[in-house]
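When reading the values below, keep in mind they use all heavy atoms of this one structure, side chains included, and skip hydrogens, waters and symmetry mates.
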Amino acid sequence: MARRAGIADLPLHNGRVPPWLAARMAKLGTVIAEAIILHYGRTEFLRRLANPFWFQSFGTVMGMDWHSSGITTSVIGALKRGLAPRQNELGLYVCGGRGSHSRSTPQELTAIGMRIGVDGAALARTSRLVAKIDSAALQDGFDLYLHGFVLAADGQWTVVQQGMNGGTHLARRYHWLSEGLTSFVDDPHAAIEGRSQGAIVNLADHRAAASRTAQVDMLADLGPDKIALEIAKLEGRTPAQGQLPYLVMPAHHDVRAEDIIGRRLHATLAAAADRGPTDFPQLLLTPGVGARTVQALAMVAEVVHGAPCRFADPARFSLAHGGKDRHPYPVPLKVYDETLRILKNAVQRAKLGRDEELGALQRLDDQARKLEGLVSGPSVDSFIANERARSPMLGGRSVFGWERDLVSLEPERAAAKAAPSSA
């Protein structure tokens, strides 16, 4: 059994993640994943990835463009690179990616299945089937170009794939989540016991191999429109699937006040000011960086611990580490690296049974929830303006270069604009 878990519509953007940010994203994405697994388990991390709002917030807090299609590629790529050396330890495997990497997903799954003892061939068929549904069974004008398959050692999985529509300049991301399945190994159940609730379909049984193959063939035989209608009838719904989480990001690139839930931003800032001196005294001794880093940690803590309803405004998480495109402001590398260092240390200590620092992060998130709606703070515009002013001091960097260099050029540019034309 598998279900579509959500959809996201995003402005289609070109460009690449610069190496200095890609390396940090891989590290931060990995340590956030590890913190979630430590607290809540692998299954919960898969559920988070299947939520389009959380997925967008996850990529945003790592410094990617807060609203663009590039988040999907960069998050899958960061997890694939970052988790690869730890995959056997964490029991989490990331396959596929963009373009040719997406087409190699079945082979990757087959190879992993042989290593860890799950039915890799069945997983490969699942990968192809999910891709077929979003590309052929439901034709909505988006051509798939990315397919990421995140597999847990117990056989559970999440699929995140994305298509583009060149005519509308939009990308659409589709999220899938396995459910009710503990393993893809043939015949995983010694027995099934419980009150009869109708027929049971067990596609993990070795006798169902023909049925699994037939499902793929059925797509070609019935055609996309008819099979989409038949699935809708069986599930007792309309094909629109309006009940799924549906994220629609705006076209504007800058972060605006209407993109952020102000009471949550103010609660995060107040929690950082309140818990920081108590839980991070050594950190606050770092001149010019400590207090700002606690603010970023509070937003990372929410990504680790927050409930699904708290990710309705992914733009808010761009205020943790900025964005590579200078929106809402350049990535403050001093803050980013300090956040990464603290979080890595907290996870390592927690694995040794010393969870003081990881507990401090959870208290940050708890405090923010308690303060929500009870405190006030700066407007979004003034907060962003202040961060831009501080950017050179905090190691601000974007795809345009170091902020300190760009700021030093501004007087020259202003003078050049003011000079009379010689033409």
> Which pair of heavy atoms, one from V375 and one from A270, lies closest together, and at what distance?
Replying inline: CG2-CB, 3.9 Å

>> The criterion is side-chain hydrogen bond (donor to acceptor under 3.5 Å, both in side chains); which residues satisfy it with R341, sequence neighbours excluded?
In response: E338

> Would you call R349 and D355 a salt bridge, taking side-chain N to carboxylate O under 4.0 Å as the test?
Replying inline: no

>> Tell me whether E372 is salt-bridged to R310, with the criterion being a basic N under 4.0 Å from an acidic carboxylate O.
In response: yes

> Is the shortest heavy-atom distance from the side chain of H175 to the side chain of L49 under 4.5 Å?
Replying inline: no

> Is the shortest distance from a Lys or Arg side-chain nitrogen in R390 or E403 to a carboxylate oxygen in the other one below 4.0 Å?
Replying inline: no

>> Taking E108 first and then R103, would you say they form a salt bridge - that is, a charged N and a carboxylate O separated by under 4.0 Å?
In response: no

>> For D143, give me all partners under side-chain contact (heavy atoms from CB on, under 4.5 Å), at least two apart in sequence or on another chain.
In response: none

> Between F149 and H147, what is the ring plane arrangement, given parallel below 30°, perpendicular above 60°, and tilted in between?
Replying inline: tilted

>> Just by distance, no angles: are the side chains of W176 and D134 close enough, under 3.5 Å, to form a donor-acceptor pair?
In response: yes

>> Could you tell me if Y174 and Q162 have a donor-acceptor pair between their side chains, going purely by distance under 3.5 Å?
In response: no

> Salt bridge or not for K344 and E34, using N-O below 4.0 Å?
Replying inline: no

> Does one side chain, of D325 or H13, offer a donor that lies under 3.5 Å from an acceptor on the other?
Replying inline: no

> Just by distance, with hydrogens left out, do H266 and R264 show a side-chain donor and acceptor under 3.5 Å apart?
Replying inline: no

>> Between E302 and R316, does any NZ, NE, NH1 or NH2 come within less than 4.0 Å of an OD or OE carboxylate oxygen?
In response: yes

>> A cation-pi test, strictly: NZ or CZ of R47 under 6.0 Å from the centre of the six-membered ring of Y40 and no more than 45 degrees from its axis. Yes or no?
In response: no

> Parallel, tilted or perpendicular for H321 and Y336, by the 30°/60° rule?
Replying inline: tilted

